[in-house]
Amino acid sequence: MNRIDVREAITQAHHEEWARVVASLARRFGDLDIAEEAAAEAFATAVERWPSDGLPPNPGAWLTTTANRKAIDRIRRENKRDDKHKEAQMSYDAPSEPLGAVDDDRLRLIFTCCHPALAMEARVALTLRMVAGLTMPEIARAFLVAESAMGQRITRAKAKIKAARIPYRMPSADDLPARVSGVLAVLFLVFNEGYLATGPDSDPVRHELTAEAIRLTRLIRVLLPDDGEVAGLLALMLLIEARRPARVSTGGELVPLAEQDRGAWDAGLIAEGHLLVRERLAAAAAGVAPGRYQILAAINAVHTSARDMRDTDWSQVVALYDQLVRLDASPIIALNRAIAVAELDGPEVALAIVDRLAEALAGYHAYHVTRADLLRRLGRGDESRAAYDRAIDLAGNIAETAYLTRRRDQLR
């Protein structure tokens, strides 16, 4: 195996084993700082040694063993209390566990990083660092903050976990549904930031973030295979991600759904997403009520089933939104429903719905985008231009700003 192959193997091991190694160390030592630093040192050692020593037969086991030794060395150097040292020594002398036995440790790690006692921004940052293995500069760039500020955010989150004695364990059966919901909310937030980046100085679509969100949701799906909302979120992400190749034009403009080249969509992701949606529909037919992510996935399945925008079954989309409103009566859901109503009942009916959301969504750029488009379709050019101006002021995505500017200027 040449050096290029070894580097690729190290990269693959980082993607596949980082969460396993960190989770295993967190369980053994009960300290996220020790777990993170020892895992990072183990991967750094792999970068130094694997090119000359060759790839070990079991990279994951090699990394876990090396990281455990690094952790114990650190504890010894810091002269921890005797009981802590003894605990570490016992961990060192204990026989290695097979990798499959630490799957629940990864789940514990995710629930710890997404604990409701932490602010949402801290949950996102900690999950990307501890579970996904992104570097501090990568996380800082993704959310457009200084690296030092992001480092402080993660440090404070870990300190709060320690000070509040947040346990490194799975929630109880009674708490699990609510805690799973919190984890999924973090992963969807990461995905959305990648799919439509909010910063004007970043790439309009951040594939590394959407890919990480999908990868972590797949992990949750493996560990909680019977959870319908986990399956629903994975299906939703896959069906949205499938459209990414057609989302930005060669000129750098955002391409709306109606104008996208559907032949450029990822057929494999669509097939996988549709399969998950069908599984959840079967569960619903058996009396298991679908949750928010499952309904959103079903809506996206309708969109990705149509070969052309004109073939979309808008009555089904509106019916699904009606079902979703009963679960989530937020103004953003109402706005998205209005977009579908415009295709079914016309822009005038939809505009009446949208205008009722003015107070709640005055600072939300998508509200003004929707209103501008409806006013344009009704021939109310001056009002449409004003709405486009407001949308452009609020939009942070450079590709979306370029698209909206062109649409506004066409009204002249």
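Everything numeric here is computed off the predicted structure, so don't read it as measured data.
No salt bridge links E41 with R69; every basic N to acidic carboxylate O contact stays at or beyond 4.0 Å. In summary, K162 and D31 engage in a salt bridge, as defined by a charged side-chain N under 4.0 Å from a carboxylate O. With salt bridges taken as basic N to acidic carboxylate O contacts below 4.0 Å, none links D73 and R77. Salt-bridge annotation for D389 and R408: present, with a side-chain N of the basic residue lying under 4.0 Å from a carboxylate O of the acidic one. Taking the charged nitrogens against the carboxylate oxygens, R108 and D105 do have a contact shorter than 4.0 Å, which makes a salt bridge. Under the 4.0 Å criterion applied to side-chain N and carboxylate O atoms, R377 and E343 are assigned as salt-bridge partners.
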* To do: List the steps and the verdict of side-chain contact (heavy atoms from CB on, under 4.5 Å) for Q260 and W265.
  => CA-CA 9 Å; Q260 288 177 12; W265 290 355; 3.0 Å; yes
* Kindly determine whether E36 and K158 satisfy salt bridge (charged side-chain N to carboxylate O under 4.0 Å, His left out), including the steps that lead there. => CA-CA 11 Å; E36 177 190 354; K158 288 190 286 190; 2.5 Å; yes
* Asked: For L107 and I220, what are the C-alpha separation, side-chain angles and deciding distance, and is it a side-chain contact (heavy atoms from CB on, under 4.5 Å)?
  -> CA-CA 7 Å; L107 194 55; I220 299 290; 3.8 Å; yes
* Residues H274, L239; criterion side-chain contact (heavy atoms from CB on, under 4.5 Å); working and verdict -> CA-CA 8 Å; H274 283 183; L239 294 173; 3.6 Å; yes
* To do: Starting from the C-alpha separation in whole Å, work towards a yes-or-no answer on side chain to side chain donor-acceptor pair (under 3.5 Å) for S315 and D313.
  => CA-CA 6 Å; S315 61; D313 187 345; 2.7 Å; yes
* Asked: Passes salt bridge (charged side-chain N to carboxylate O under 4.0 Å, His left out), R218 versus E272? Steps please.
  -> CA-CA 12 Å; R218 287 190 189 279; E272 185 181 358; 2.5 Å; yes
* **Criterion salt bridge (charged side-chain N to carboxylate O under 4.0 Å, His left out) on R262 and D308, from CA distance to verdict** => CA-CA 8 Å; R262 300 190 175 211; D308 185 272; over 6 Å; no
* Any chance you could lay out the side-chain contact (heavy atoms from CB on, under 4.5 Å) test for N300 and R243, step after step, and finish with the verdict? => CA-CA 10 Å; N300 277 271; R243 303 200 301 266; 3.0 Å; yes
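Residue T217 holds its OG1 atom at 7.0 Å from CG of L184, rounded to the nearest 0.5 Å. Taken from OG1 in T405 to OH in Y388, the straight-line distance is 10.5 Å, to the nearest 0.5 Å. Separation of atoms CD1 (I333) and CZ (R326) is listed at 13.5 Å; rounding is to 0.5 Å. To the nearest 0.5 Å, atoms CG (L335) and OH (Y321) are separated by 9.0 Å. The structure places CD of E253 at 10.5 Å from OG1 of T401, a figure rounded to the nearest 0.5 Å. M136 contributes atom CE, which lies 4.0 Å from atom CD1 of I154 (distance to the nearest 0.5 angstrom).
When all heavy atoms are compared, the tightest approach of V369 to A391 is CG2-CB, 3.6 Å.
Remark: V47 pairs with I10 by the side chain to side chain contact (heavy atoms under 4.5 Å, CB included) rule, at least two apart or across chains.
Other residues, nucleotides and ligands place more than 12 heavy atoms under 6.0 Å from the CD atom of Q410. By the 6.0 Å contact criterion, CZ on R406 is enclosed, its count of non-hydrogen atoms from other residues, nucleotides or ligands being greater than 12.
Looking at heavy atoms from C-beta onward, P290 lies in side-chain contact with Q323 at the 4.5 angstrom threshold. Side chains of H207 and E241 form a contact here, defined as non-hydrogen atoms less than 4.5 Å apart.
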Hey, can you pull the donor-acceptor pairs under 3.5 Å for the side chains in residues 223-231, sequence neighbours left out?
{"unit_1": "D227", "atom_1": "OD1", "unit_2": "E229", "atom_2": "N", "d": "3.0"}
{"unit_1": "D227", "atom_1": "OD1", "unit_2": "V230", "atom_2": "N", "d": "3.0"}
{"unit_1": "E229", "atom_1": "OE1", "unit_2": "Y293", "atom_2": "N", "d": "3.3"}
{"unit_1": "E229", "atom_1": "OE1", "unit_2": "Q294", "atom_2": "N", "d": "3.2"}
{"unit_1": "E229", "atom_1": "OE1", "unit_2": "Q294", "atom_2": "NE2", "d": "3.0"}
{"unit_1": "E229", "atom_1": "OE2", "unit_2": "R292", "atom_2": "N", "d": "3.0"}
{"unit_1": "E229", "atom_1": "OE2", "unit_2": "Y293", "atom_2": "N", "d": "3.0"}

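Exactly one residue among V255, V248, L254 makes a side-chain contact (heavy atoms from CB on, under 4.5 Å) with Y403. That residue is L254. Tested against I139 for a side-chain contact (heavy atoms from CB on, under 4.5 Å), the candidates L126, V145, L209, L128 yield a single pass: L128. Screening L32, D33, L25 for a side-chain contact (heavy atoms from CB on, under 4.5 Å) involving F29 leaves a single residue, L25.
Not a single donor-acceptor pair under 3.5 Å links the side chain of R153 to the backbone N or O of A122. Using modelled atom types, one side-chain atom of N68 and one backbone atom of T64 make a donor-acceptor pair closer than 3.5 Å.
In summary, the side chains of E16 and Q12 do present a donor paired with an acceptor at a separation below 3.5 Å, with no hydrogens or angles considered. Side-chain atoms of T312 and H303 include no donor-acceptor pair closer than 3.5 Å.
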